[in-house]
Each structure stands twice: as structure tokens, then as C-alpha cells.
Trainee: 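For reference, the structure I am asking about is given below.
Predicted model, so just to flag it, every value in this text is computed and none were measured. Each chain gets a letter, A, B and so on, in the order the sequences are listed, and its residues count up from 1.
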Number of protein chains: 2
Amino acid sequence: MPVKIADIAKLAGISSASVSRILNKTGRYSEETAARVKKIAKDIGYYKDRSAADLAQKNNKTIGVIYTNSKTNFNNIVINGVMAEADEHGLDIILMATKRNDPKKLLKTVRNMIERRVNALLLISLQPTSEVINMLKQVKINTKLVGTSTDKDIYFVSSNDFLMGYQATKSLIRAGYKKIGMAGSDIMQDYVARLRYKGYLKALGEAKIKFQTDWLSPGNFSYDSGIESAAYFHEKKNVSAIIGVSDEVSLGLLNGLHDLGDTVPADFSIVSIDGTEICTRSRPQLTSITQNFALMGKIAVTEFQNNKQNVLVPFKLVQRSTTKKL
Amino acid sequence: MPVKIADIAKLAGISSASVSRILNKTGRYSEETAARVKKIAKDIGYYKDRSAADLAQKNNKTIGVIYTNSKTNFNNIVINGVMAEADEHGLDIILMATKRNDPKKLLKTVRNMIERRVNALLLISLQPTSEVINMLKQVKINTKLVGTSTDKDIYFVSSNDFLMGYQATKSLIRAGYKKIGMAGSDIMQDYVARLRYKGYLKALGEAKIKFQTDWLSPGNFSYDSGIESAAYFHEKKNVSAIIGVSDEVSLGLLNGLHDLGDTVPADFSIVSIDGTEICTRSRPQLTSITQNFALMGKIAVTEFQNNKQNVLVPFKLVQRSTTKKL
DNA sequence: CTGAAAGCGCTTACAG
DNA sequence: CTGAAAGCGCTTACAG
């Protein structure tokens, strides 16, 4: 049985109301009694019961964060950004992890967050079903996708996927590459993939390069997709540069190509999209379109009350060693 | 204003008590009214207020998990194990992230968990100060360290660090290596490092190899420590094999050595401790002492009520390409 | 099978 | 500056 405010009140010979005010630094109270109360609280090991406090206050100042506990490597960066900003605003964070591509589990997790009455909800690199979106709308919890965009009826903070695809391709073309592949995503199934693909097509078009359908190697953004794409391009030898749609994919490409005896960037050049530390920890290091995930996390919490629009965060091209000078 | 049980009760023309029983599938009730109540609850978008429920029940069936949101790569694996097991037992998980080496922030986070009255607390790969440990003891929350051992007054589930150091060293010796370094930890400051070092010394001693103090390159388990150690050993050329105390360190070693023109395993062999996917994603792939982090997570929750002892989880040596055949 | 009522531990107008 | 009291939304003996 944990100690409660009433215990402190009794010991201090005052009312619970006063104890509450003192402990929360709210309302008026004398500093003398305050000192006494704080000492007692400390001595008997008092810790507020948040259930009771939240219930009474009807506002708990916590924002929920759900992420997929899979190999997506930038979640941690986003979460760091979220935490740093939440600290500044005196907001608590409750994290919950879910599995990628497990709508049931996500639904359950979202329900849990609703039951905990979080003030806002952030979904990191996650694509909710409309069932989830409707649920959230119904209970009027501000929700944002972070690190991914969407065409569904929900706000997001992410990079401009079209522009990243465009930029990656254009830079490659400018450096002299003519046959450019794109690896690791499924433009039929995936909205983000489609946007990037469109940017890629646009850059190709502007340079009067005729797109070949076999320049695409599909996948699900994973390392294994990269490995498979490496095998594909090694076999086909139809491109000289490849855009990996995530750092995972690009590392898979790099390793897969290496294992097949190809040299990067001599035989194939690679530019990755994401730009996490994976890029600097491979040999050669991966040239990348680098997204600002920390900023996304920060913005997601700064804007948590006014859920009025999407925000697109700037990205940049970082030259490393898997391409010629771009 | 979210809808509440009373709203459902009014709509259904019954008491709140009955609604509560139905929604929680507890006590007795007729299936007819149950069906009606469930439909109403769904229609008006009812979600239990957990604050109220927890307060009334004085038990919330949730276990708190705190981890460091830094580059420690095995946290995710542990957390996956924790989640899987928690699901089986119908336990909720609240995750919170903290910074490595930030006792203030950890204290704050632990306090937050206490206020939320978690049934048990898991600290993933974290070394709490005695202040934290005493706090937890005072409020009688079962707490376990997961993924690290300790000599402090708190239980843990981890691998046997002494044995890992011993095993890594002994395997190397058996394969013919005589000059064996250990990189990336500080045996003065760090308890885990000391245990592994003692195992290492024992294996050396058994093989009548005289330990040289310059076989040690200190660090803090990080990638950068690996890079620095690479520079050190490259310069000294005093060992032929190096034990990296974490996958991060080992990857740093590998990359650092590569950048200095050394070849692994020809010039230096490396065996890593951890065995996460980092080991299979480097070229050459890292031979490792592989810990079973998922099992640690699982065990930590299975045992969450009976906090009576430490548990040591088996590890194994996995041969890859940064050493001769061990 | 069902309801009235007390209680969980806080907070917060309100009155003094 | 302080206290008595109501209320937050649930759960759970208890009585029927």
C-alpha cells in the first residue's frame, strides 16, 4: 500500500488540499509549511498516483508515441527528437512498440493509447489502416504520422518524397549517369514509393532519358530487398547507378554486390535515401539523400496542438564514396 | 468530453455496475443485455478511462520498460522479447527512453514509472545509481536489469560476462592466436568490462600466455571506441587478434583498420561480443560471441513476480569471417 | 442476474 | 493562507 497525500496531511497536521497545493506548487501556501510537507513526503517515500491525478485533472500532459520495433533504423533518431522537445515543454512521453505490418497489434496499441487518454499521438514510420484513423478521429485525438507521408486522411511530418526521388536522380544524371535503377520498394503497393518514383521519372524525363521498366527492382524497404536487388542488377547489368530507397536497402545492395564480386562505385554506383549512420559505417560509405529525422520528431511535438497541416522537412544530398562526385 | 460508462448505462436503461461487468466480462450478466451494451458502446465510441479503472482496481497489469535511446543496438531485440512475452500474459508495456549516462533523466523517468504504479520495472542495458535502486526498493517495485549484470543490490538477467570473456579468449588461443587484445571498455570503471577481462585473463593464464598491459585498449562500448582502438593497434602492432567488447566496437575496429590499410583477418582478427545483425552486415562478417537478447527479454517478464534471483542466459560462439576457424 | 453505494487518491472551486 | 467537500470515471463487495 503506497503512501498517499492523506498520510502526509495527517503527519503534518494540515489538510490534503494544502498538501496537494504544495506538492504541485499551485495556489497559495506558506513556505514554512511547504518545507515541512516536502520533508515528510520525502521521508515517507511519497509518489503521486498519476491515475488519481490524471482522473481529477482530466488532462495528463502526455503524448503517446507508437513505433515499429523492426529494423527501421531511423526510429531512434525521431524518438530522440521527440523526447528532447517534449522535455522542453514539460510533456511526458509514453512509447509503445508494435510490429510492422500487423494491423491487429497496431489497433490494440492505439486503443491502449486512447484508454490512457494521451493528449496527442505520434505514429513513427507507420501506415495506419482507415479503421485506426477513424477511431482516432472519433475520439478526437490529434494524431500525426512522422517520418512518412500518406494520402490518407491524417496529417504527417516527413520529407518531400517526390523531391527526394527527383533530386537523387537529377544529381546522378548531372554527374553523367544515364542508366539509373531504383531498388527496394513497390510502387504499386506503397504510396511513398510511388511519390519517389514519380520524382525519379520527372528527372529522367527532363534529361530526355527514356525510362526502362527493368530499371526497377521491387522490395519492402528492407535489407533483404537490397540483397535481392543486388542479385537482380548483377545479373541484368542494365544500370550504372542505383537509388536505394532506404539505408537498409542500400546496405543490402552494397553487401550483395560485394558478395557477387562487383565493385562499388566502379561497377555500380549507389545513392541511398535516409542518411542515417548506416551510411557512414559501411565501406565504402554511402552517398545519401539525408533526411532530418530529429527535426521531424521535434516538429511533431511542437505542433502537437495545432494539427492543421502537413509539414515537409528539408533534406540534403550528402556526398560520400559510393558514387562519383555528384 | 469522452463518453463514459454512465452514458452507456443511461442509453441501455441499466446501471453502470452492469455495464462495467459486461465490458470487463466479469461477474454474471445476461447475454441479451450484454449484446445490447456492447453495441451501444461501439456506436457511441466508448473507450475505458484507464486512469479511473486503474485507480479503482489498484492494479494495472502493466510493466514499465526503460531503455537508453542511444546506439546500443540490441535494445530492440530485448524489447521484442519483452513484448512477445507480455502479450502472452496479457500484460501491457509502457516504454520510456532515457539518455545513456544521464542519471538525472533516468531518475526522472523512474519516478514517472513509479507514479504510474507499474507492476514491475525492467531496465534495459542500464546501470542505475544507488539512489534509483533505493527509491525502487522503498516503493517495493520489482525491478530487473536486462542485458547487463551488476554488483549492485538489484537483480539482473544477462549473459555470464566472465564466461564470455573466457570463451572468446580460449577459442582464439585454441585456433593458434597468442597475442590477443581486448578493445572498447574500461576495466576500471565498468563492472561488466571487469568480469569479461577476468575471464580473458583466466584463459590466458591457463594457456601460459603472459598478459601484456598494452593489449588493452579502453573505451565505452561505442563505435568510436572501436575506431580509436583500431588506430591504437594499427600503431602498436602488438596483437594478432582483438576481442571487441560490443558489436559497435567491433564494427569500429573493422572500419578503422580498413581505413588504415589493414586487412581483417590477415593482419588482425576480430571476435565481437553481442552477435546482433551488425555482425552479418559487415564485410567481412564478424565472428562473434552471440548473446540471446530475445530470451533475456522473455525471461525478464516471465519472472516478473518472483524477483528472487539473477538469471544467466546461455550464449554461443558463431564463426564468421573475421577470424581463422575457431 | 442487477442495482445502489462506497471507495480508489487525487484536484479544485469555494468559502472563510 | 487553509480546509471541507465535491467530483473525476471506474470497480466491486453487498444486498436483493
Trainee: May I have the distance from Lys4(B) (atom NZ) to dG7(D) (atom P), rounded to whole angstrom?
Mentor: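 Those two atoms, NZ and P, are 11 Å apart.
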Trainee: With DNA chain C as reference, determine whether Arg28(B) or Gln57(B) sits nearer its 5' end, using the nearest nucleotide of each.
Mentor: Arg28(B)
Trainee: Need to verify one output field. Residue with the more 5' nearest nucleotide on DNA chain D, Ser51(B) or Thr26(B)?
Mentor: Ser51(B)
Trainee: Between dC14(D) and dC10(D), how far apart are the two P atoms, rounded to whole Å?
Mentor: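 It works out to 24 Å between them.
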Trainee: Can you tell me if Gln138(A) has over 12 outside heavy atoms packed within less than 6.0 Å of its CD?
Mentor: yes
Trainee: Figure out the CG/C1' separation between Leu55(B) and dT12(D), and round it to whole Å.
Mentor: 13 Å
Trainee: If you compare every side-chain N and O of Ser20(A) against the phosphate oxygens of dT11(C) (OP1, OP2), does one of them come in below 4.0 Å?
Mentor: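 The answer is yes; a side-chain N or O of Ser20(A) sits under 4.0 Å from OP1 or OP2.
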Trainee: In whole angstroms, how far is the C1' atom of dC10(D) from the CZ atom of Arg117(A)?
Mentor: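 Rounded to the whole Å, the gap is 11 Å.
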Trainee: For dA4(C), give its Watson-Crick or G-U wobble partner with both distances under 3.5 Å, or none.
Mentor: none
Trainee: Would you please confirm or rule out a distance under 4.0 Å between OP1 or OP2 of dG3(C) and any side-chain N or O of Tyr29(B)?
Mentor: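 No, outside the criterion.
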Trainee: Between Asn59(B) (CG) and dT12(D) (C1'), how many Å, whole number?
Mentor: 14 Å
Trainee: Are Asp54(A) and Arg50(B) close enough for a salt bridge, meaning some N to O gap below 4.0 Å?
Mentor: no
Trainee: Which part of the nucleic acid, if any, lies within reach of Thr33(A) when heavy atoms closer than 4.0 Å are counted: base, sugar-phosphate only, or nothing?
Mentor: sugar-phosphate
Trainee: Closer than 4.0 angstrom, basic N to acidic O: yes or no for Asp102(A) and Lys108(A)?
Mentor: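 Result for this pair is no, no salt bridge flagged.
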Trainee: Can you pull out the residues from residues 6-18 of chain A that lie within a 4.0 Å heavy-atom distance of DNA chain C?
Mentor: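 Hits under 4.0 Å, by residue number: Ala17(A).
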Trainee: Please classify the nucleic acid contact of Asn24(B) as base, sugar-phosphate, or nothing, using heavy-atom distances under 4.0 Å.
Mentor: sugar-phosphate
Trainee: State the CG-CG distance between Leu195(A) and Asn160(A), to the nearest 0.5 angstrom.
Mentor: 8.0 Å
Trainee: Please state how far atom CG in Asn60(A) lies from atom C1' in dC8(D), giving the value in whole angstrom units.
Mentor: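 Checked: the CG to C1' distance equals 13 Å.
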Trainee: How many Å lie between CD on Glu115(B) and C1' on dG9(C), as a whole number?
Mentor: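 So the CD-C1' distance, Glu115(B) to dG9(C), works out to 13 Å.
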Trainee: The side chain of Ala52(B) lies closest to which of these nucleotides: dC10(D), dC10(C), dG9(C)?
Mentor: dC10(D)
Trainee: Using a distance-only criterion (donor-acceptor N/O pair, under 3.5 Å, no hydrogens), is the base of dG3(C) paired with the side chain of Arg21(B)?
Mentor: yes
Trainee: If I take atom OG1 from residue Thr302(A) and atom NE2 from residue His89(A), how far apart are they, to the nearest 0.5 angstrom?
Mentor: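 NE2 of His89(A) is found 5.0 Å from OG1 of Thr302(A).
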Trainee: Nearest whole angstrom, please: distance from the C1' of dG7(C) to the CG of Asp54(B).
Mentor: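 After rounding, the reported distance stands at 15 Å.
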Trainee: Would you say Lys48(A) reaches dT11(C)'s phosphate, i.e. side-chain N/O to OP1/OP2 under 4.0 Å?
Mentor: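 The answer is yes; a side-chain N or O of Lys48(A) sits under 4.0 Å from OP1 or OP2.
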Trainee: Between Lys58(A) and dG9(D), is there a side-chain N or O to OP1/OP2 distance below 4.0 Å?
Mentor: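 Answer is yes, contact under 4.0 Å.
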Trainee: Give, for atom OG of Ser15(B) and atom NZ of Lys10(B), the distance between the pair rounded to the nearest 0.5 Å.
Mentor: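 Atom-to-atom, Ser15(B):OG and Lys10(B):NZ are 14.0 Å apart.
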Trainee: Under a 4.0 Å N-O cut-off, is there an ion pair linking Lys105(B) with Asp87(A)?
Mentor: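 Here Lys105(B) pairs with Asp87(A) in a salt bridge, since their nearest N and O are under 4.0 Å apart.
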Trainee: With a 4.0 Å cut-off, would you call Asp43(B) and Lys38(B) a salt bridge?
Mentor: no
Trainee: Can a side chain N or O of Tyr46(A) be found less than 4.0 Å away from OP1 or OP2 on dC10(C)?
Mentor: yes
Trainee: Rounded to whole angstroms, how far apart are CG on Asp49(A) and P on dC8(D)?
Mentor: 18 Å
